[in-house]
Every structure is written in C-alpha cells, then in structure tokens.
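Encoded as structure tokens, the structure appears first; notes follow it.
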Amino acid sequence: MSSAPHTNTDSPPPRRKIIDGGFIVLLAVTLLAAALVTAKYGAAHALATALGALGFIAVLLPKVGAGLFVAAAIPLLLPREKVSALIGQESGWRGLLLASAAGALLPGGPGMTFPLAAALFAAGADIGATLAFVTGWSLLSLNRTLIWELSFLDWHLVALRIALCLPAPLAVGLAARALTLRRRRAGP
Amino acid sequence: MNIVIGTVLLFALAALTWHKLATPSSRRAALTGAANLAAFTLPRLFTAMIGAALLAELMPADQIRALFGAGAGLTALLLATLLGPVTPGGAFVSFALAAAALKLGATPAAALTYVTSWSLFSLTKLLAYELPFMGGRTMALRLAISLPIPLVVGGLVMAFRLG
C-alpha cells in the first residue's frame, strides 16, 4: 500500500477564507430581512428579534464548541489516505459499508468530497461503493450534523432523520451495482 | 431540555475523542484545528441565526401552514422535495429555513423531506462539483436511484406519526 509520503497528521488543514462569496450572500440576506422586518413591524421589533436569536446562540455555544472540536479531531483519528486506500481494496458488502461510513465521517464540503469520490472510482472502487460514499456524505455527514443541523433542529428530529437515512447509502450502492450489471449484460 | 440533552451527548462524544487522541501533540493539533474551524464557522452561525429569526418573522404563517401543515398531506412532501434543490447557499440556509417553517406550523415530515432533498440534490453542489468531477452518466445514475429517498423519509415520518 503506497499512500502519500507526507501522511503527516500534524499538518493543519488548509485555511479557508473567512469572508467569501457565500458569507457575503448570507450577510446580504440577513440585512435585507432586517430592513423588511423594520419596515413592517418597526425597528424595535427587528432589534428584539435579533437579540432573541443572540440569546439562543449563547445557549447553543457550548454544544457548538464541542461539535467543532469533534469535527476537527476526526481527520487526525482517520487520515483520508488510509481510508480511501481501504475502500479501493474492499468489495462486496464490506466495501459498501466502509464507503458509506467514510462518506459520513470524512469531513469536508462538496469541493473536497466529489474530487475524492472521483479519485476512489479511478483507483478501483466500484460504482456501488463510489455512490455509497457520495450518499453517505450527502445524508449522514457527521461534521454538518454536529455543527449545523443540531444548531437549528431539535436533537430528536435530527436523530429521526439520521435513523431513517441510515440504510440509504447501502441501498443506493446496491441498486447502482444491480443496474450497471444489468446494463452490461444487456449491452453488446 | 432538548438543548441540554444534545449538549450532554456532544460533550460525551468530545470527551471520547479527547481520550482517543491520546498524545498531547495530537490533542494540541485538534484544538488548533477546532479554533480555525470556529473562526470560519462562528461568524456564519451568528449571521445565519439572526437571519433565520428575522426571516421567520417575514414568512407568511398562513401559507406555510396551508402548504406544509398537517392538512397538506402528500402535496406538502412533493413541494418540499422540489424546494430542496433550488435552495441557494450552504447548509445553514436550508436548516434555518426548515427550523423557521417548523416554528410556523410546518409538519416534521415536510421539514425532514425538505432537508433530505436539499442534502441529496442541492443544485449548487450538483452543477458546481458533481457534474464536473463525476461526469453526467454517474450523476444521472445516482439521481435516478436517490430520487425517492426524500419522499420515503417524509412518508415514513407521516405514516407512523414520528417526529
């Protein structure tokens, strides 16, 4: 197994720009909403609404802090190179399970996940494992659940969604295998 | 109460992670990583929370209840599935909208259908990342297989009165 030579787990992840296009859009939408609430109900109501949200954030902060720590620690515990090498080697049910779990656990947005999925496919993972990986990330991303979903939705709703979505990456992977097999058999 | 349970669970997970990291240098690396992540995330979280609270004030409560409330049935789930892909922005936008709609009377089934549909089919992710990296055929295969998932999730929540 020849993984990348610099598997240095101490190297910090690439720093993302704190102010980017997405943040500016978010800021613009928030300011627009503030202006509309002010126009409709008056400035006092807009201010009270914003302060109420700030109070809610204060209650949430310990939870968010713990979530950030866990999210930052996952890549140290599970180096990406090792995980992707494992998925390429495995097949059958084990391959699907591993790919689904890797999708859920490996942190990163779409800009990191889709290139990795393409690399897995190129490196020998089958279409089932590749789609299980993408679906595991889409539906079960631990990072996004810990930091974002739990901040906005009640934990029992989050748990319900996770429980219902848990079989989905496996099902998608199995269906993808069945469909491509049939196509290959029917084809020339 | 919900927040307390969630916080306790997350602290237990953080403690387990701390234990697993084992060495002082990896613990320090995790703390540095968490600080960097916080610098990126917290400004967005603050802005999104305030924005969500303000948007909830502006959302037409009557229409939300009519379209996504208990009386809307399967139509609510179909509409929620359609709205997922066209939601602009990142995770915070979709979760904030779902939370605001829940507050105004949307059913949990509709909210979870919407969040699931966004997770699987967000056009921003599809067009900017999946299409260029995975290619049209692989993307089409994934979409075709995954299409029923949001409706199945919402349908199960509705049928068994979960959530």
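Chain letters run A, B, ... following the sequence lines, proteins first and then strands; every chain starts at 1. Worth knowing before you read on, the calculation uses all heavy atoms, side chains too, and leaves out hydrogens, waters and symmetry mates. Everything numeric in this text was worked out from a predicted model, so none of it was measured.
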| field | When A:Phe121, A:Phe114, A:Tyr41 are compared by non-hydrogen pairs under 4.5 Å with chain B, the top option | value | A:Phe114
| query | Are there residues of residues 100-123 of chain B that reach to under 4.5 Å of chain A by heavy atoms, and which ones? | reply | B:Leu102, B:Pro108, B:Leu112, B:Val115, B:Thr116, B:Trp118, B:Ser119, B:Leu120
| field | Side-chain ion pair, A:Lys40 and B:Glu57, N-O less than 4.0 Å | value | no
| Smallest separation among heavy atoms of A:Phe69 and B:Leu21, with atom names | CZ-CD1, 3.9 Å
| message | Between A:Ile57 and chain B, with a heavy-atom cut-off of 4.5 Å, which part of the residue counts as in contact: side chain, backbone, both or neither? | response | side chain
| query | Among A:Leu131, A:Thr113, A:Val134, which residue forms the greatest number of heavy-atom pairs with chain B at distances under 4.5 Å? | reply | A:Leu131
| task | Taking the side chain as every heavy atom from C-beta outward, state whether B:Leu126 and B:Leu131 have any atom pair closer than 4.5 Å. | result | no
| request: Could you check which of A:Val70, A:Leu164, A:Val37, A:Leu26 has the highest count of heavy-atom pairs closer than 4.5 Å to chain B? | output: A:Leu26
| Between A:Thr130 and B:Thr138, is a side-chain contact (heavy atoms from CB on, under 4.5 Å) present by the stated rule, with each step listed? | CA-CA 10 Å; A:Thr130 307; B:Thr138 308; 5.5 Å; no
| What option among A:Ala34, A:Pro110, A:Pro62, A:Ala71 has the most heavy-atom pairs under 4.5 Å with chain B? | A:Pro110
| Is there side-chain contact between B:Ser26 and B:Thr23, with heavy atoms separated by less than 4.5 Å? | yes
| query | Side-chain contact, heavy-atom cut-off 4.5 Å: B:Leu45 with A:Trp148? | reply | yes
| For B:Leu13, is it the side chain, the backbone, both, or neither that has a heavy atom closer than 4.5 Å to a heavy atom of chain A? | both
| request: Would you mind reporting whether B:Met134 and B:Arg142 have side-chain heavy atoms less than 4.5 Å apart? | output: no
| said: I want to check something: taking the side chain as every heavy atom from C-beta on, are A:Val172 and B:Ile149 in contact at a cut-off of under 4.5 Å? | reply: yes
| said: Side chains of A:Leu27 and A:Thr30, heavy atoms from C-beta outward: is any pair under 4.5 Å? | reply: no
| note | The interface call for A:Leu61 against chain B, heavy-atom contacts under 4.5 Å, is side chain
| field | Proximal component of A:Val64, with respect to chain B [non-hydrogen, under 4.5 Å] | value | side chain
| task | Could you check if a side-chain atom of B:Pro24 sits within less than 4.5 angstrom of a side-chain atom of B:Arg27, using non-hydrogen atoms only? | result | no
| remark: Interface check, chain A: of B:Pro43, B:Ser146, B:Gly135, B:Ser94, most non-hydrogen pairs under 4.5 Å belong to B:Pro43
| request: Under 4.5 Å heavy-atom distance to chain A, tell me which part of B:Leu10 shows up: side chain, backbone, both or neither. | output: both
| note | Looking only at A:Ala171, A:Ala117, A:Cys165, A:Gly111, the option with the highest number of non-hydrogen pairs under 4.5 Å against chain B is A:Gly111
| message | Using heavy-atom distances under 4.5 Å, tell me whether A:Leu36 contacts chain B through its side chain, its backbone, both, or neither. | response | both
| How many angstroms lie between atom CG of B:Leu37 and atom OG1 of B:Thr32, to the nearest 0.5 angstrom? | 12.0 Å
| request: Could you list the residues that satisfy side-chain contact (heavy atoms from CB on, under 4.5 Å) with A:Ala33, not counting sequence neighbours? | output: B:Leu54, B:Leu55, B:Leu58
| chain B interface, residue from A:Ser151, A:Ser141, A:Ala168, A:Ala119 that has the most non-hydrogen pairs under 4.5 Å | A:Ser151
